[in-house]
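This structure is a prediction, so every number in the text was calculated from the model and none was measured.
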Number of protein chains: 2
Amino acid sequence: MKLEKVFAERMREAREAEGLSQEALGILAGIDEATAKVRINQYENAKHAPPLSMINTIASVLKRPVTWFLCEDDVKALNLAINQLSKSKRPEALVRAISVIELDSKTQPEN
Amino acid sequence: MKLEKVFAERMREAREAEGLSQEALGILAGIDEATAKVRINQYENAKHAPPLSMINTIASVLKRPVTWFLCEDDVKALNLAINQLSKSKRPEALVRAISVIELDSKTQPEN
DNA sequence: GGACTAAGATGATCTTAGCAC
DNA sequence: GTGCTAAGATCATCTTAGTCC
C-alpha cells in the first residue's frame, strides 16, 4: 500500500480515537480556521499529502510518534510506539493496554 | 530539529554507508538520469523535501525502514529498525552489530 | 567524477465556494 | 455540525544550465 494511504488511514484512526472533528484537529495543528477542515479532510482521504513538518505537528496533537503514522503493520506500529516511549513510561502504557483488554472481556465474557 | 532536516541527515548517512553517489542513488530510486543527482542533492541538503512515496522508495534502495529516516534519536532509530525486522533476522543483525564493535576495539584497543 | 546552486517551468497543495447528511 | 468535493490561486518541487573541487 502507498505510504500516503497508510498515513491517511492512521491519521483518521488516531483523530477518531481522540474524539476530535477534522476541523478541531486542523485548528489544534495551527491551520487557519477558514481552511482547517478542508485540509484535514484532504489529508485523511489522501487527496493531498502534507509536508513532513505538518505530519510532525499532527503527530504531536494526536499524541503518537511520527513513525506510528507511517507503518502499515499494526503490530510493528505498536512496537515502534512502545520503543519510542521512555522506559519509565512503559509500565503506564502496559496498564492502559490491560485496561482495554479487561473492557473487551466484560463486553464479550464468553471469549 | 525539523523533520525535514532529520530526513536529510539520515539519508546522507545511509547513502554514504551504502557507498553510493547522489546520482547513483537517484537512478536506483527510479529518477530520470538527467535530474537524479540534482534532486538527491536537494533532498540531502534539505532544499526540498520529497513526497512520501519517494521517501518509501529511497528507504527501500538504502535498505532501511522508512521510520528510521524520521527518528532524530539514534538509539530509538536503531530500536525502530530492529523492531521492524522479522524475529528470524534479528540474530544476523546482532552479529553484524557485534562485528562493528570488534572493528572499533581493534582501532582503539585501549578503550 | 562528484557535490552543489540559481532560477524559471512545472505540478503539487491550499483556498474558496459550494453540496449532502 | 460534520464530512466531503471541484476548481482556480498559490506555492512548493523539478528541471535546466551552470560553477567549483
Problem - Short side-chain N/O contact from A/R12 to OP1 or OP2 of D/dT2, under 4.0 Å - result: no
Exercise for the section: Choose from C/dG2, D/dT15, D/dT5 the nucleotide whose nearest atom is closest to any side-chain atom of B/V38. Expected result: D/dT15
Exercise for the section: Grab the CE-C1' distance between B/M54 and C/dA12 for me, whole Å please. Expected result: 14 Å
Handout entry: Where A/E4 and B/S53 come nearest, the two heavy atoms and their spacing
Key = OE2-N, 3.1 Å
Handout entry: B/Q42 CD to C/dA7 P, straight-line distance once rounded to whole Å
Key = 14 Å
Exercise for the section: Let me know the distance between NZ of B/K47 and P of D/dT15, rounded to the nearest Å. Expected result: 19 Å
Practice task
May I ask you to verify if any side-chain N or O of B/Q22 is less than 4.0 angstrom from the OP1 or OP2 atom of C/dC4?
Solution key: yes
Exercise for the section: In whole angstrom, give the distance that lies between atom NE2 of A/H48 and atom P of D/dC11. Expected result: 15 Å
Problem - C/dC4 OP1/OP2 closer than 4.0 Å to side-chain N/O of B/N45 - result: yes
Practice task
Would you please confirm or rule out a distance under 4.0 Å between OP1 or OP2 of C/dT13 and any side-chain N or O of A/Y43?
Solution key: no
Practice task
Check whether any side-chain nitrogen or oxygen of A/R39 sits under 4.0 Å from OP1 or OP2 of C/dT15, and answer yes or no.
Solution key: yes
Practice task
Answer with yes or no whether the hydrophobic clustering places A/M54 together with B/Y43; edges join I, L, V, M, F, W, Y residues whose side-chain heavy atoms lie under 4.5 Å apart.
Solution key: yes
Exercise for the section: Take the protein atom CD of B/E4 and the nucleotide atom C1' of D/dA12, then report the distance between them rounded to whole Å. Expected result: 12 Å
Exercise for the section: Would you please say whether a donor-acceptor pair under 3.5 Å links the side chains of A/N83 and A/N79? Expected result: no
Practice task
Please state how far atom NZ in B/K37 lies from atom C1' in D/dT15, giving the value in whole angstrom units.
Solution key: 13 Å
Completion exercise
In whole angstroms, the gap separating P of C/dT5 from CD1 of B/I40 amounts to 15 Å
Practice task
Nearest whole angstrom, please: distance from the P of D/dT5 to the CG of A/N41.
Solution key: 6 Å
Problem - Side-chain ion pair, A/D32 and A/R39, N-O less than 4.0 Å - result: no
Handout entry: Validation row: B/R90, B/K87 side chains within 4.5 angstrom (heavy atoms)
Key = yes
